[in-house]
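Owing to the predicted nature of the structure, the values given are computational and were not obtained by experimental measurement. Throughout, protein chains are lettered first and strands after them, A, B, ... in sequence-line order, and every chain is numbered starting at 1.
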Amino acid sequence: MIVIAVISMKGGVGKTSATANIAASLAKLLGNGAVGVIDLDPQNSLHLHFGQSFQVGGGLAAASVMDTDWADEIYCSEYGVDCVPYGDVTEQEREAFEELLETQPEFIGKQLYASGFAQKRVVLIDTPPGPSVYLRQASQCADVALVVLLADGGSYATIPAMETWLEEMHIKRPELKSMYVFNQVDGMNALGQDVIEVVRLHLTSRVVRSVIHVDESVAEALAFQKPVAAYAPHSQASHDIDHVAKQLMQYVVQ
Amino acid sequence: MRIRESLSGLRERYRWSSKSNLNAQYRYGLPNRLGDKFIDAEIWSLPGMVLLVAVIGALLSIFLISVPFTLHEQFFFSLVFGGLALYIRRYVGTLITLILIFMSLIVSTRYIYWRLTETFSATFDFDLLFGAGLIIAELYAWLVLVIGFFQTIWPLKRKPVPLPEDTTLWPSVDIFIPSYNEPLSVVRPTVIAAMALDWPRDKLKVYILDDGRRDEFREFSESVGVTHVVRSNNFHAKAGNINAALPNTHGELIAIFDCDHIPTRSFLQMTVGWFLKEKQLAMVQTPHHFISPDPFERNLDKFRMMPNEGELFYGLVQDGNDMWNATFFCGSCALIRRDRLLEVGGIAVETVTEDAHTALKLHRLGYTTAYLGIVQAAGLATESLSAHVGQRIRWARGMAQIFRVDNPVLGRGLTLPQRLCYANAMMHFFYGIPRIIFLTAPLSYMFFQAHVIQASADLIAVYALPHLIHANVANSRIQGKYRHTFWAEVYETALAWYILLPTTVAVINPKLGKFNVTAKGGMVEREYFDWQIAVPYLTILGLNLLGLGIGIIRLFWWNADEWGTVLLNLLWTIYNLMLLFATLAVAFETKQIRRHWRVNMKLPAMVRLQNGRTMSCNTEDFSEGGFALRLPAHLAVEAGEHLHISIFRGDREFSFPSVVAYNNGHVLRIKFDDMHMEDYQMLVAATFSRGDAWQEWLGEHKTDHPLTGLKEVFQISITGFTRFNSLLGEYIKKYYSSIKARREQA
């Protein structure tokens, strides 16, 4: 099992959409059921990308607090990706869950193995932006930290903080790899192109070669509760995500 | 290298590099196995063995060439030899190529020997007069065949040499782009692409050598940051232009691009390595590649469907020359070392083909030249037949001038192979007279009953036919990928009349005649028949038609005692008619309406609509005006709608604001909105100057079969025949209606 933690220092970079779409693309690549996603973001929106508007179980937060197995919380979507949603929880439940995570730093990792996700080829964990208990949990069990960036000044400014954090992580867990991917890139934006060029120059092979272009289809796909590959297979974003997924796998296998 | 090593080297090389469409049975068949055994045989290691075999081979050849045969013996000999050649030609391998060449040499030389010794009129008469002309033409053809075999026997197929990691070791380079009267729109992409060459910025300078001294060019140069160079006179045209720029520039290497040859960004990366490796190297030449059809391709509607006229030279001949250190400089898409160039006094100005003459001077001083058969630039072909003819006249005149003022066969400093390569390059342009002789020779019998070959028809047949068959089989083997059989005859026939006079004049007085610049980037606005070009051929065609008529009459009704000879001459006349009608087909100029040429190129692309949706797709073709995109699915846009197009080159994205010109659901054609200089630079970077732009060019065509070549030429000639007939019909109609109109007025 390869665990990829999808992280960012800054909100609004399209991280959740990227996680869902990359997962769907990996499922096309590796086969139905080979890919799982875990939503560690209290926004609880990851499952929406896989056609789950209705609530089946309570989600992983509630299940964890009640000390039950995650196995009942797994949704097998029609897009070949199995998803464990965060769940719709009350404020008290969330606080209780976060306290649990605080006290047991390897809780998520253990749950992953207990839930049957251990058979998956790849598991992606979506995290909320910035430092949090969720980020700590994800980085404890991940093989790869995938950093999602926008090609703008704001994202660029967060890179030093991200690199410092990754370095600290690296001391604890030397096996943790890290990769950067650009999301919502606009080819007409000169600043954006420059940012990409500069980041590539500094981080060299740690930047995924393909970028994900800004594309209205991604937002529209969410409205239709589908991965973009299912909603608009010929869109540029869909092609980009396929490339990113492939390059990610190549990098991980290395 | 010893012959055994060289032969096994040849064998291996051919076996592994051959992309021939032949089956495995022709790779490992009996002739291949026998060949391997022959090469690997132990006897070659015995001292003196190679010499012994060579001597025996030479004696045997002399015997086969000169032994007199009766009609039946010659027939039997031809049957065995020809059958063997036709059998082994299907098998792969350089050894077999060499055997085919050897067989062709024997049979063709045997024919010439027989012609010289047995077929001459004993007395000085009419027959001798015509016969002498024919034998001179035949000797010429034989000589070109033999030297041609030598020239292309082992194409070197040089590969690029990688540059050192340390860029401080890389030499500085000046890019010269000479221009005289071409519009800025033609020169602009070349300059932009030259600036985008992959090379350290501080070691690359671009110069526009503007012999037109135009303000527009000066302003453009300033706006993009290249140097605009002018001089006070226009002496010696392009050569003088380049020489005038030499004292004020300082790059160690000079790259020269005709103003319409757009280089790819990898040009210097590919070529410079050899200069660092080989200290004696003075010049590296790369192919000239054309993105628009030449007049032959356009008027015959054969663009990219078969090798064009230039492909033989850049695909095979230059690579063959390279083996003998005789690569010619071709004036553009080449890199020269400044110090070597200065040593020979700059670009040669004594002749109108300054490029070939400069290379000759470099070779005389013992410097080497190299050919790299990788397309690293693309340009426009000449746009009309008359312009094409004009260019060839210049080449022919120039080569004839070199022959006179600086004869490579006799002058000092050259190796024997170099002399032969230069001799062939020059002789090649003297085909004017021989070609006209071949086109008219059978008529001397039809009209005057001159026996140009003093032999019976059946004897001529058993000598001449094997010669023609062997020569074509061997040539098709060597040249097949780069020129289809019989097409050389079409090209030569079309040009023969026009280069006849210039070459003759230049040989008599090399100073006569003036330099004409080849016009490019223009339009042929309507279809027309180029009468001026066609008149000499119409004359010869008329004579041949008359000859055909007389021949048919003589076959059955009148003077029918020599029916064999009549039949032979009839066949020859018919063959000539085929070539002449094919030439006429070329003279019908078809429309060339687009100012910007569309270039077929499949590039990854993206469409972004105004509503933010995108579609990933590929380009079909591009021009300076816009792109055509092949859509993977329906896209709801209509003509006039604005959108963005992105083209990808590796990691880089080039984005262009555009307008939809046309959308049929499968193909979307877009025009660029107003382009600024920056957009334009991006367009050139995304398209013309890509390193992989013209990668698949050389040798992309299937190896031909001689009979397929004949079929192609026949079809073209039928086209010429029908087009000309309908044209005549129109003229006759017009003539009658004008007579009618006049009568009615009266």
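Heavy atoms of other residues, nucleotides or ligands lying less than 6.0 angstrom from CD of A:Glu175 number more than 12. Applying the 6.0 Å contact sphere to NZ of A:Lys28 captures more than 12 heavy atoms from other residues, nucleotides or ligands. Applying the 6.0 Å contact sphere to CZ of A:Arg121 captures no more than 12 heavy atoms from other residues, nucleotides or ligands. Within a 6.0 Å radius of CD in B:Glu641, more than 12 heavy atoms belonging to other residues, nucleotides or ligands are found. Surrounding CZ of A:Arg209 are at most 12 heavy atoms belonging to other residues, nucleotides or ligands under 6.0 Å away. A 6.0 Å sphere centred on CD of B:Glu222 holds more than 12 heavy atoms belonging to other residues, nucleotides or ligands.
In this structure, CZ on B:Arg652 lies 11.0 Å from CD1 on A:Ile196, to the nearest 0.5 angstrom. A:Ser217 contributes atom OG, which lies 9.0 Å from atom CG of B:Leu609 (distance to the nearest 0.5 angstrom). The CZ atom of B:Phe654 sits 13.5 Å away from atom CE of A:Met188, with the distance rounded to the nearest 0.5 Å.
Across B:Ala605 and A:Gln236, no two heavy atoms sit closer than the pair O-OE1, 3.8 Å. Here the closest heavy-atom approach between residue B:Thr614 and residue A:Val214 is recorded as CG2-O, 3.9 Å.
Checked against side chain to side chain contact (heavy atoms under 4.5 Å, CB included), B:His634 has the following partners two or more places apart in sequence or in another chain: B:Ala636. For A:Asn32, there are no side chain to side chain contact (heavy atoms under 4.5 Å, CB included) partners, not counting sequence neighbours.
The stretch residues 608-621 of chain B participates, sequence neighbours left out, in these salt bridge (Lys or Arg N to Asp or Glu O under 4.0 Å) pairs: A:Glu220-B:Arg613, B:Glu620-B:Arg630, B:Asp621-B:Arg669.
The ring of B:Phe648 has its center closer than 6.0 angstrom to the ring center of A:His213.
Side-chain atoms of B:Ser655 never come within 3.5 Å of backbone atoms of A:Gly187 as a donor-acceptor pair (strictly under, hydrogens ignored).
At a heavy-atom separation below 4.5 angstrom, chain B is approached by no residue within residues 142-158 of chain A.
Contacts of A:Ala219 with chain B are absent, with no heavy-atom separation under 4.5 Å from either backbone or side chain. Using a 4.5 Å cut-off between heavy atoms, A:His239 touches chain B through its side chain atoms alone.
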